[in-house]
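One structure is given here, and the rest of the page talks about it.
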Amino acid sequence: QVHVVESGGGLVQAGGSLRLSCAASGRFFSVNAMGWYRQAPGKQRDLVASITAGGDTNYSDSVKGRFTITKDGAKNAVYLQMNSLKPEDTSIYYCAADIEQGIWNTVGRFWGQGTQVTVSS
């Protein structure tokens with residue numbers, strides 16, 4: 001019943017910008033945190049940035065100073081503003097949401113389908 005959908009990927013030149021969007025919908029008690037991960041071919045899925053319901057943020061060292069994560073709690077949405085993009089940022093970006101749901105308000109990790117970001121040199 002929980003759906004996480006992201007969008008905003010595309011093809012940009014190095015130095016350009018993209019803004020990714022993600023929203024969680026369905027029946028749940030609360031969203032505790034949301035974040036962005038990325039997975040390139042042959043690589044594991046790694047954290048890019050995350051934000052808690054209280055607004056605490058965490059960034060991968062590789063994107064710190066270039067990417068900014070924000071949220072809209074009213075919309076259960078999270079955004080990733082990506083500036084000064086580099087070819088090594090090329091990856092599929094996945095939105096993740098930590099959500100409390102069900103009669104016991106159990107916490108689960110829910111994933112979006114992914115959106116492709118390609119940065120050309």
Side-chain angles (χ1 to χ4, degrees):
Q1 287 188 302
V2 178
H3 302 278
V4 178
V5 180
E6 65 264 75
S7 62
L11 173 63
V12 297
Q13 293 187 31
S17 298
L18 283 173
R19 180 176 168 86
L20 306 183
S21 300
C22 174
S25 62
R27 294 175 59 86
F28 48 81
F29 178 71
S30 66
V31 177
N32 292 343
M34 298 184 75
W36 294 94
Y37 290 72
R38 64 187 181 188
Q39 186 171 25
K43 305 290 185 179
Q44 57 185 341
R45 188 173 298 186
D46 293 324
L47 175 71
V48 178
S50 64
I51 187 166
T52 69
D56 295 325
T57 59
N58 186 45
Y59 294 91
S60 165
D61 287 341
S62 64
V63 308
K64 193 171 298 182
R66 299 188 297 122
F67 292 8
T68 303
I69 188 169
T70 57
K71 68 177 179 69
D72 184 340
K75 297 180 179 179
N76 294 317
V78 66
Y79 310 93
L80 187 67
Q81 179 66 46
M82 304 186 295
N83 298 327
S84 301
L85 282 162
K86 304 174 181 179
E88 50 262 45
D89 295 319
T90 295
S91 189
I92 300 175
Y93 284 70
Y94 296 91
C95 179
D98 293 340
I99 294 174
E100 293 186 14
Q101 64 170 169
I103 60 174
W104 294 104
N105 292 337
T106 55
V107 178
R109 167 63 60 86
F110 296 86
W111 294 93
Q113 80 286 355
T115 184
Q116 177 71 46
V117 172
T118 303
V119 184
S120 62
S121 59

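A heavy-atom distance below 4.5 Å is found between the side chains of Ser50 and Asn58. A 4.5 Å side-chain heavy-atom check between Asp89 and Arg66 finds at least one atom pair inside the cut-off. Within the 4.5 Å cutoff, the side chain of Leu20 has heavy atoms near those of the Val117 side chain. For the pair Cys95/Trp36, a side-chain contact is recorded, criterion being any heavy-atom separation below 4.5 Å from C-beta on.
Annotation: the span from Lys86 atom NZ to Ser121 atom OG amounts to 14.0 Å, rounded to 0.5 Å. Remark: Glu6 CD to Leu80 CG distance equals 11.5 Å, nearest 0.5 Å. The line from NZ of Lys43 to OG of Ser91 is 10.5 Å long, rounded to the nearest 0.5 Å. Note that CZ of Arg27 is 13.5 Å distant from CD1 of Ile99, once rounded to the nearest 0.5 Å. Atoms CZ and CZ, on Arg45 and Arg38 in that order, are 13.5 Å from each other to the nearest 0.5 Å. With rounding to the nearest 0.5 Å, the separation of OG in Ser17 from CZ in Phe67 is 9.5 Å.
Annotation for Gln113 and Val4: closest pair OE1-O, 3.8 Å, computed over non-hydrogen atoms. Shown here for Ile92 and Gly114, the closest heavy-atom pair between the two residues is CG2-CA, 3.8 Å. Minimum heavy-atom separation, Ile69 to Tyr59: N-OH, 2.9 Å. Pairing each heavy atom of Ala77 with each of Met34, the nearest pair is C-SD, 4.1 Å. Taking both residues in full, the closest heavy atoms of Arg109 and Ala96 are given as CD-CB, 3.6 Å, listed atom of the first, atom of the second, then distance. Counting all heavy atoms, side chain and backbone alike, Leu18 lies closest to Leu85 at N-CD1, 3.8 Å.
The side-chain hydrogen bond (donor to acceptor under 3.5 Å, both in side chains) with Glu100 is formed by just one residue from the set Asn105, Thr106, Asn32; it is Asn32.
In terms of modelled atom types and a separation under 3.5 Å, the side chain of Thr115 and the main chain of Gly9 share a donor-acceptor contact. In terms of modelled atom types and a separation under 3.5 Å, the side chain of Thr90 and the main chain of Val119 share a donor-acceptor contact. Judged by distance alone, the side chain of Lys71 and the main-chain N or O of Thr52 form no donor-acceptor pair under 3.5 Å. Listed for the Ser21 side chain is no donor-acceptor partner under 3.5 Å among the backbone atoms of Tyr79.
Linking Ile, Leu, Val, Met, Phe, Trp and Tyr whenever their side-chain heavy atoms come within less than 4.5 Å leaves Phe110 and Tyr37 in two separate clusters. Residues Val5 and Val31 do not share a hydrophobic cluster, clusters being chains of Ile/Leu/Val/Met/Phe/Trp/Tyr side chains in contact below 4.5 Å.
Using a cutoff of 4.0 Å between basic side-chain nitrogens and carboxylate oxygens, Lys64 and Asp61 are scored as salt-bridged.
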**OP:** Start with the C-alpha gap between Leu47 and Ser60, add the side-chain angles, then the distance that decides, and say whether side chain to side chain contact (heavy atoms under 4.5 Å, CB included) holds.
**Re:** CA-CA 7 Å; Leu47 175 71; Ser60 165; 5.8 Å; no
